Amino acid sequence: MMRALAIGGFLVSLALFAVVEWAARREGSRIPTLGEVCAYVMRYEVGSVPVGRIGVFGFWWWLGWHFLAR
Amino acid sequence: MEQPHDLTVEAPRAWDRPAVAVPVLVCLSLVGGRFPSFSVEANLWTLGTGGVLIWLGLNNRVPRRPAPHRLESGAVWWTLPVVVFVVFEGATFVAAAGDGFPTFSRLADPLLEDRLVRSATWLAWLSAFWGLVRR
């Protein structure tokens, strides 16, 4: 029962990612795509240090290592 | 002379074209898919490919698509899938109930044992990484 709840919750989450991305790609949508959100976050800098880029790259690197190397 | 961070380079390099980038990503993914979890090779391949992509992403060698200066109000919709995922990941992680109430990682592990699924996941990871580098 709890296992099904967890699987269902994660599937709902993934489906919501897909639905919001689909909505963002419609003509005239006011929702930015996930890529645009990432690009906006990656613009953030502290002084000359691209903190946003480092943070997003670091997170994505860790995610790949987490699933594909361990 | 140092280039500004927002500079968008117009002239595409040969290796930046999809005809070059896609086969390279596919080859890297097929190699990565051969390495099982917890192996030294998998760790080195992940750290190596990710390290190169981060290096490319932090200098101005790769042309970037212009980033938006502000987000529209609809961006708040992205919190919905994120919150649902964080709630379930947090609950399953804190409960630490193993397969009875598994985390996302625990659910993914058996799927990633299949070499084809593993290679496909590698391709998705590297493709998204390449997309981020070009942002």
Side-chain angles (χ1 to χ4, degrees), chain A, chain B residues 5-6 32-33 35 37-39 42-47 49-51 53-54 57-58 64-75 77-78 80-82 84-89 91-92 95 97 99-105 107-109 112 118 121-122 125-126 128-129 131-133 135:
Chain A
M1 173 65 182
M2 293 301 281
R3 180 178 173 83
L5 178 66
I7 293 172
F10 288 125
L11 287 177
V12 166
S13 169
L14 295 178
L16 285 172
F17 272 105
V19 167
V20 177
E21 180 69 18
W22 169 79
R25 288 172 183 265
R26 286 181 311 159
E27 191 74 29
S29 175
R30 294 181 62 83
I31 303 173
T33 64
L34 187 57
E36 289 169 340
V37 174
C38 289
Y40 179 77
V41 171
M42 288 196 294
R43 285 181 60 91
Y44 181 68
E45 295 184 348
V46 175
S48 62
V49 181
V51 175
R53 288 188 83 76
I54 292 171
V56 171
F57 288 157
F59 170 74
W60 198 249
W61 198 8
W62 171 83
L63 202 68
W65 175 78
H66 178 70
F67 281 100
L68 299 167
R70 61 167 297 279
Chain B
H5 291 290
D6 290 341
F35 302 140
S37 289
F38 298 103
S39 65
N43 275 281
L44 291 176
W45 201 247
T46 311
L47 296 175
T49 52
L53 285 168
I54 287 179
L58 291 180
R64 295 178 192 165
R65 297 170 64 183
H69 288 270
R70 56 180 293 274
L71 289 181
E72 299 222 44
S73 58
W77 280 102
W78 281 109
L80 182 61
V82 171
V84 171
F85 186 88
V86 167
V87 165
F88 276 92
E89 183 67 4
T92 52
D99 286 334
F101 192 44
T103 60
F104 189 77
S105 305
L107 285 170
D109 281 344
L112 290 172
R118 198 171 183 81
T121 307
W122 261 98
W125 181 65
L126 287 173
F129 217 146
L132 288 172
V133 165
R135 282 285 182 176

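Note that the structure is predicted; figures quoted are calculated from it, not measured. Residue numbers start from 1 in every chain, and the chains themselves are labelled A, B, ... in the order their sequence lines are given, proteins ahead of strands.
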Heavy-atom distance under 4.5 Å to chain A: side chain of [X], backbone, both or neither?
X	result
B:Thr49	neither
B:Val86	neither
B:Ser105	both
B:Ala128	both
B:Leu71	both
B:Ala75	both

Within the structure provided, determine whether [X] and [Y] are in side-chain contact (heavy-atom separation under 4.5 Å).
X	Y	value
B:Ser73	A:Arg30	yes
A:Glu21	B:Trp78	yes
A:Met42	B:Leu132	yes
B:Leu80	A:Val20	no
B:His69	A:Tyr40	no
A:Arg53	B:Ile54	no
B:Leu47	A:Trp61	yes

Over all atoms of both residues, closest heavy-atom pair of [X] and [Y]:
X	Y	result
A:Gly9	B:Val84	O-CG1, 3.8 Å
B:Gly74	A:Pro32	C-CD, 3.9 Å
B:Pro102	A:Arg3	CG-NH1, 3.7 Å
A:Glu36	B:Pro68	O-CG, 3.7 Å

Exercise for the section: Report the C-alpha distance between B:Val82 and A:Phe17 in whole Å, list the side-chain angles of each, state the deciding distance to 0.1 Å, and finish with yes or no for side-chain contact (heavy atoms from CB on, under 4.5 Å). Expected result: CA-CA 8 Å; B:Val82 171; A:Phe17 272 105; 4.0 Å; yes

Handout entry: Polar side-chain atom of A:Ser13 near backbone of B:Pro81 as donor-acceptor pair, under 3.5 Å
Key = yes

Exercise for the section: Output yes when a side-chain donor or acceptor of B:Trp45 lies under 3.5 Å from a complementary backbone atom of A:Leu68, and no otherwise. Expected result: no

Problem - CG-CG distance between B:Leu107 and A:Leu11, expressed to the nearest 0.5 angstrom - result: 8.5 Å

Handout entry: Which atoms of A:Leu14 approach chain B - backbone, side chain, both or neither, heavy atom under 4.5 Å
Key = side chain

Practice task
Against chain A, work out which of B:Phe129, B:Trp125, B:Phe88 has the most heavy-atom pairs shorter than 4.5 Å and name it.
Solution key: B:Trp125

Exercise for the section: Pick whichever of B:Ser39, B:Ala42, B:Gly57, B:Ala108 has the most heavy-atom pairs under 4.5 Å with chain A. Expected result: B:Gly57

Exercise for the section: Please state whether the rings of B:Phe104 and A:Phe67 are parallel, tilted or perpendicular, taking 30° and 60° as the class boundaries. Expected result: perpendicular

